[in-house]
Amino acid sequence: SISVIIKEYESYLEANFSKSYLAAVRIHLRRFREYMGDISISNIRMNEVEMFLSIIAKESKIKAKKYHVTINTFFNKAVVWGYIQDNPANKIRLPKTPTKAPIYISENELMEIISNEPNKELKDIYFVLFHTGMRLGELINLKWNNISLSDRVIRITNTDEFTTKGKRERVIPMNEKLFEVISERIPKIIDINNSNYIFTMNGRKFIGDYISKCFKKVVRRLIHLDQRIHLHSLRHSFASHLAKNSVSLYVIKELLGHRDYRTTQIYAHLQYDSLKEAVKVLEG
């Protein structure tokens, strides 16, 4: 039955992907199984999958696209494992959803936000996110053994306590400003394994929601700023400024830790705009 294969697939994901990705997949596949019933996977037809996705699309076209990706990936794995010969979802084409350009901020806007944040720990967190493009979960789980001041790099790694999205490890070089901020945070005492968290609140690891809410609180006070700005905009800002300075999308992909090149494509228009500006020098 499809329930058995879904359970096997979820076990595979648990061993190879992040907890957050697994949680989303579980929601999608549970709802799909409830719609289909616990039937044999070989009896599922393309039109049935399309009908299910049309129901989801009534709630949200973007949500339907995410469900389609999950279901399509699941069926692809079922083909590889020999449960079915063909994927009934791979020929489905959903209506295109408009791609929203990511919201990003300038360094001056960052410094204005930081100057209006009373908490020193949060000031540094905002600064580090802007200059590394790290995800919030990666930052709050960052420890001193992830930092090499001699090489001036930050290593995003998987541990028993934390796994990166897609379990992709990577290295982020530190620019001069970031190096100074990190260097000033070196504690007087680091335990034998260097496993102290770099950012703590009252000696404990930060809670992500707390950081996000504090950041948004400052943005709301600065009414001249785009009120769509949120904490994840700092990650977009890191990537956007690289793209505007003609850094290749491949390099940006690696620095952000994206699995799929298509995810990085949202910054392509900024790169194109910077190239247009560059050739204008020939007009003179």
Side-chain angles (χ1 to χ4, degrees), residues 1-99 135 137-138 141 155-171 249-268:
S1 70
I2 191 173
S3 291
V4 173
I5 302 170
I6 286 175
K7 189 173 182 180
E8 183 181 354
Y9 181 62
E10 289 175 349
S11 296
Y12 160 76
L13 294 182
E14 189 172 13
N16 294 282
F17 293 85
S18 68
K19 291 179 181 178
S20 60
Y21 178 72
L22 173 61
V25 168
R26 276 183 170 149
I27 292 169
H28 296 170
L29 292 181
R30 183 177 68 241
R31 192 166 174 186
F32 180 60
R33 185 194 61 77
E34 289 171 353
Y35 173 82
M36 293 300 307
D38 196 15
I39 64 174
S40 170
I41 191 171
S42 60
N43 289 335
I44 297 175
R45 300 290 175 258
M46 176 179 167
N47 65 309
E48 294 173 317
V49 180
E50 280 189 304
M51 286 300 296
F52 170 73
L53 292 174
S54 68
I55 292 170
I56 302 298
K58 289 177 182 177
E59 301 172 16
S60 165
K61 290 182 180 178
I62 293 175
K63 185 190 288 189
K65 188 174 182 180
K66 291 178 180 178
Y67 270 75
H68 181 224
V69 170
T70 295
I71 293 168
N72 192 47
T73 306
F74 165 68
F75 279 127
N76 278 337
K77 184 57 70 174
V79 171
V80 172
W81 285 343
Y83 287 113
I84 51 177
Q85 288 189 331
D86 298 300
N87 176 350
N90 66 358
K91 292 183 179 179
I92 295 173
R93 296 291 177 263
L94 297 178
K96 286 188 177 181
T97 53
T99 302
R135 300 179 179 93
E138 294 168 345
N141 285 283
R155 293 184 173 89
I156 308 298
T157 60
N158 299 306
T159 66
D160 292 338
E161 301 168 357
F162 173 75
T163 55
T164 66
K165 191 173 183 180
K167 293 197 172 183
R168 284 179 61 85
E169 298 188 346
R170 66 189 190 281
V171 174
L249 291 181
Y250 172 78
V251 171
I252 295 172
K253 170 184 173 293
E254 294 302 303
L255 289 171
L256 292 177
H258 285 160
R259 288 180 67 88
D260 193 331
Y261 181 78
R262 288 173 295 182
T263 309
T264 319
Q265 283 290 115
I266 60 172
Y267 306 106

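Being a predicted model, the structure only gives us computed values, none of them experimental.
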(request) Would you mind checking if R170 and E138 are paired as a salt bridge, meaning a charged N to carboxylate O distance below 4.0 Å? (result) yes
(request) Hey, could you give me the NE2/OG1 distance between H258 and T264, rounded to the nearest 0.5 Å? (result) 5.0 Å
(request) Taking the side chain as every heavy atom from C-beta outward, state whether E169 and I156 have any atom pair closer than 4.5 Å. (result) no
(message) Determine whether a donor-acceptor pair (N or O, by modelled atom type, separation under 3.5 Å) exists between the side chain of T263 and the backbone of R259.
(response) no
(message) Return the CZ to OG distance between R33 and S1, rounded to the nearest 0.5 Å.
(response) 8.5 Å
(message) Can you confirm whether the side chains of T70 and H28 place a donor and an acceptor under 3.5 Å from each other?
(response) yes
(request) For the pair E10 and R26, find out whether any cationic side-chain nitrogen is under 4.0 Å from an anionic carboxylate oxygen. (result) yes
(request) Over 60° means perpendicular and under 30° means parallel, so classify the ring planes of W81 and Y83, tilted if in between. (result) perpendicular
(request) Answer with yes or no whether the side chains of S18 and S20 bring together a donor and an acceptor at under 3.5 Å. (result) yes
(request) Answer yes or no: does atom NZ of K63 have more than 12 heavy-atom neighbours from other residues, nucleotides or ligands under 6.0 Å? (result) yes
(request) Determine, for F17 and K167, whether the Lys NZ or Arg CZ falls below 6.0 Å from the six-membered ring centre while staying within 45 degrees of the axis. (result) no
(message) Nearest 0.5 Å, please: how far is CG in L256 from CG in L249?
(response) 10.0 Å
(request) Without swapping roles, check the side chain of H68 against the backbone of A89 for a donor-acceptor pair under 3.5 Å. (result) yes
(request) Can you spot which of V69, I41, V25 makes a side chain to side chain contact (heavy atoms under 4.5 Å, CB included) with F74? (result) I41
(message) For E59, is there an ion pair with R31 - N to carboxylate O distance below 4.0 angstrom?
(response) yes
(request) First locate atom CD1 of I6, then atom CG of L13, and finally report the distance between them rounded to the nearest 0.5 Å. (result) 11.0 Å
(message) Less than 4.5 Å apart, side chain to side chain, heavy atoms only: is that true for V79 and D86?
(response) no
(message) Tell me if the centroids of the rings in F52 and F32 come within less than 6.0 Å of each other.
(response) yes
(request) Report the distance from atom NZ of K66 to atom NZ of K61, rounding to the nearest 0.5 Å. (result) 16.0 Å
(message) Just so I know, are the side chains of F75 and V49 near enough to count as touching, which here means a heavy-atom distance under 4.5 Å?
(response) yes
(message) Between E254 and R168, does any NZ, NE, NH1 or NH2 come within less than 4.0 Å of an OD or OE carboxylate oxygen?
(response) yes
(request) Please check if any side-chain donor atom of N72 sits under 3.5 Å from a side-chain acceptor atom of N90, or the reverse. (result) no
(request) Report yes if some heavy atom in the side chain of L53 is under 4.5 Å from a heavy atom in the side chain of I71; otherwise report no. (result) yes
(request) Report yes or no: do N158 and T163 form a side-chain donor-acceptor pair below 3.5 Å? (result) no
(message) Return the CG to CD distance between N43 and E48, rounded to the nearest 0.5 Å.
(response) 8.5 Å
(request) For the residue pair Y12 and K77, establish whether any side-chain heavy-atom pair is separated by less than 4.5 Å. (result) yes
(message) If you count every heavy atom of other residues, nucleotides or ligands that lies below 6.0 Å from M46 atom CE, does the total exceed 12?
(response) yes
(message) Please check this pair: side chain of D38 against backbone of S3, looking for a donor-acceptor N/O pair closer than 3.5 Å.
(response) yes
(message) Take a 6.0 Å sphere around CD of E34 and say whether it holds more than 12 heavy atoms from other residues, nucleotides or ligands.
(response) yes
